[in-house]
Amino acid sequence: MIKRIRVIIIGAGMAGILAALKLKQRGDTDFIVYEKADALGGTWKHNRYPGLSCDVPAHAYTYSFAPNPDWSAVYAPGDEIRQYFEAIVDRYDIRPFIHLNQEVKQCEWVNGGWTVTVADGHVDHADVLIAASGVLHHPNVPKIPGLQNFEGPVFHSAAWNDGAQIDDANVGVIGCGSTGVQIVSALSVRARNLVHFCRTPQWIMPIRQRSYSEEEKEGFRADEGMIDALRYGDKYQAVLRRFEAAVTNPDSPEMAEIEQIVRENLETSVRDEALREKLRPNYRAACKRLIFSGEYYDAVQQPGVHVEIGEIEAVEPRGVRTRDGHFHELDTLVLATGFAVDRFIRPTRVIGRNGVTLDDVWVRHPSAYYAVSVPDFPNFFMLNGPSGPVGNFSLIDVAEIQWQYIEQLLDLLIEGRAHDIAVTPRAFEAYEQWRAAEARHTVFATGCSSWYLDDQGIPNTWPKGLPEFREAMAKPLFEDYEIRSTAAVQ
Ligand code: NA7
């Protein structure tokens with residue numbers, strides 16, 4: 001017996017678009033995508049700051065089934081990635097299924113199905129809920145004394161203020177994650193004075209950004225195999241495997257190699273000894289998410305660019321004062337201070353069986369069985385949910401692996417073999433124990449602060465490489481799921 005199920009997808013970023021087009025291709029479900037923003041693209045719609053690019057090579061940060069011969073550069077600029085997703089939505093004809101400006105406020109499991117309430121008050125119903133609401137989404141606005149008193153424009157990197165004075169202005173950038181490093185690299189040739197407030201210095205992996213020539217793009221168009229060779233060929237795959245070996249075993253020769261590369265980058269790129277020592281981190285490479293940049297060290301050695309390491313004392317109406325009493329007069333202040341990383345689908349209220357909410361289950365930190373399923377939340381599946389692979393992988397690869405896994409669970413519903421499915425509490429706990437124990441051995445746990453760590457300081461990440469993730473996700477262990485039949489529900 002085939003049942004036509006209805007699926008609600010929350011979020012029209014990379015993962016939500018993936019789910020939608022895959023369901024459209026199957027043709028055996030009804031589905032709808034709710035997106036709270038006024039346009040699709042998720043991260044690539046919200047982030048528009050100068051210098052934005054993806055630090056995963058463009059041909060690897062692409063849906064596997066929709067290669068793009070037209071990428072302009074080895075590392076694609078953010079707006080080009082946004083345009084790629086727009087083009088995909090049209091190519092797969094899923095725009096009519098995407099409802100913009102529709103923020104989902106609450107999802108509740110009632111009478112064997114999901115009741116979904118949207119901000120405008122309308123209520124929808126579905127058999128299955130797919131949370132594709134992103135990982136790094138809610139800006140972290142730092143609690144720095146006096147921040148609210150700054151007289152010039154002050155804004156978060158994910159809410160870029162196009163009206164703010166940058167060219168020939170005095171600009172401050174707080175934060176030196178991937179975002180702050182990209183912004184500083186881009187603004188170093190535009191601002192009159194640029195101050196990078198960097199609480200904790202970062203290790204920088206040098207990369208060579210370059211544009212693809214027209215001949216190269218022509219080659220990609222004529223022969224998709226050339227794109228595959230870049231993405232799946234030995235060279236790039238070997239880089240990934242070496243990186244995974246390093247991250248999962250900090251004592252490995254692969255980690256020693258990374259440490260040597262980033263140390264050498266610092267030694268050879270930064271000429272002034274005092275600046276070099278200021279920029280030298282006191283923790284292991286890749287403990288924080290490794291920064292990929294071929295430009296940052298050059299940028300901070302430009303005239304008019306200054307790096308302040310350490311804590312900020314206070315923001316004052318005309319600038320920023322550091323702990324040593326030094327005052328930097330500024331026209332514009334950019335907060336590249338990262339995101340609230342424990343939110344996932346929240347603040348949307350998700351209520352599972354017996355009134356249990358995600359806030360209840362995630363009271364310590366967000367977690368999910370293989371980053372996909374949570375006990376007592378039947379037919380609720382996440383893409384890029386908590387504790388998934390987050391190292392310097394392509395999250396598109398991760399979402400595709402997760403989707404083919406989720407589809408196998410959907411098949412049980414569509415084929416009428418189940419009415420609802422959720423991981424059992426036992427399997428969830430066993431998985432979480434294994435994952436956390438393994439994660440303690442990764443480089444992320446070697447003594448630095450980062451957005452990977454949970455409230456206990458344990459990396460809230462998949463603790464192995466991508467091939468292991470792919471293998472583990474190839475087929476669900478159905479014995480780990482509570483699979484209820486229609487009869488049991490009625
Ligand atoms: P990240 O990587 O979380 O970096 C945030 C930065 O902001 C980091 O340097 C923080 O310093 C700094 N920060 C946060 N709060 C403060 C306060 N209160 N004072 C000073 N500095 C502060 O975010 P990104 O946006 O750069 O990158 C996020 C991800 O996007 C990245 O990993 C890629 O996946 C893409 P800290 O290191 O905590 O001392």
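Heavy atoms only: backbone and side chains are in, while hydrogens, waters and symmetry mates are out. Positions are given from 1, in the same order as the sequence printed here. Counting convention: from 1, in listed order, for ligands and their atoms alike.
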side-chain hydrogen bond (donor to acceptor under 3.5 Å, both in side chains) test vs Glu308 passes for just one of His328, His196, Arg323, namely His328
With heavy atoms and a 4.0 Å threshold, my read on which part of Cys198 contacts ligand 1 is neither
Residue, atom and distance of the protein heavy atom nearest atom 39 (O) of ligand 1 read Thr200 OG1, 2.5 Å
If you scan protein heavy atoms around atom 4 (O) of ligand 1, the nearest is Gly177 CA, 3.6 Å
Taking only non-hydrogen atoms of Gly175 and a 4.0 Å limit, the atoms of ligand 1 in range are 6 (C), 7 (O), 9 (O), 12 (C)
Between Ser188 and Gln302: side-chain donor-acceptor atoms closer than 3.5 Å:
no
So the atoms of ligand 1 within less than 4.0 Å of a heavy atom of Ile174 turn out to be 20 (C), 21 (N)
Pair Asp79 + Arg48, salt bridge at N-O below 4.0 Å:
no
With a 6.0 Å cut-off on the ring centroids, do Trp44 and Tyr61 count as close?
yes
- [ ] May I ask you to check if ligand 1 and Gln202 share an N or O to N or O distance below 3.5 Å?
- [x] no
message = Less than 4.0 angstrom from a charged side-chain N to a carboxylate O is my criterion; do Arg364 and Asp454 meet it?
response = no
- Would you confirm whether the ring centroid of Phe155 sits within less than 6.0 angstrom of the ring centroid of Phe150? no
Nearest non-hydrogen protein atom to atom 6 (C) of ligand 1, with distance, is Ala336 O, 3.5 Å
| Taking 4.0 angstrom as the limit, do Glu257 and Arg242 come out as a salt bridge? | yes
| query | Is Ile312 in contact with ligand 1, taking contact as a heavy-atom separation below 4.0 Å? | reply | no
If we number the atoms of ligand 1 from 1 as shown, the ones under 4.0 Å from a heavy atom of Cys176 are 6 (C), 8 (C), 9 (O)
Quick one: does Phe339 get a heavy atom under 4.0 Å from ligand 1?
yes
heavy-atom search around atom 18 (N) of ligand 1 in the protein gives Pro142 CB, 3.2 Å
Decide, yes or no, whether a salt bridge links Asp397 with Arg231 under the criterion of side-chain N to carboxylate O below 4.0 Å.
yes
min-distance protein heavy atom vs atom 26 (O) of ligand 1 -> Thr179 N, 2.9 Å
With heavy atoms and a 4.0 Å threshold, my read on which part of Asp55 contacts ligand 1 is neither
*asked:* Are any of the N/O atoms on Glu311, whether in the backbone or the side chain, positioned under 3.5 angstrom from an N/O atom of ligand 1?
replied: no
Give a yes or no on whether the ring-centroid distance for Phe339 and His46 is below 6.0 angstrom.
no
Ranked by distance from atom 7 (O) of ligand 1, the top protein heavy atom is Thr337 CA, 3.2 Å
- Is the backbone of Tyr431 close enough, under 3.5 Å, to the side chain of Tyr370 for a donor and an acceptor to pair up by distance? no
Atom 28 (C) of ligand 1 has as its nearest protein heavy atom Leu136 CD1, 3.7 Å
**Prompt:** Hey, would you say the Phe393 and Phe469 ring centroids sit under 6.0 Å apart?
**Reply:** no
The protein heavy atom nearest to atom 15 (N) of ligand 1 is Arg199 NH2, 3.6 Å
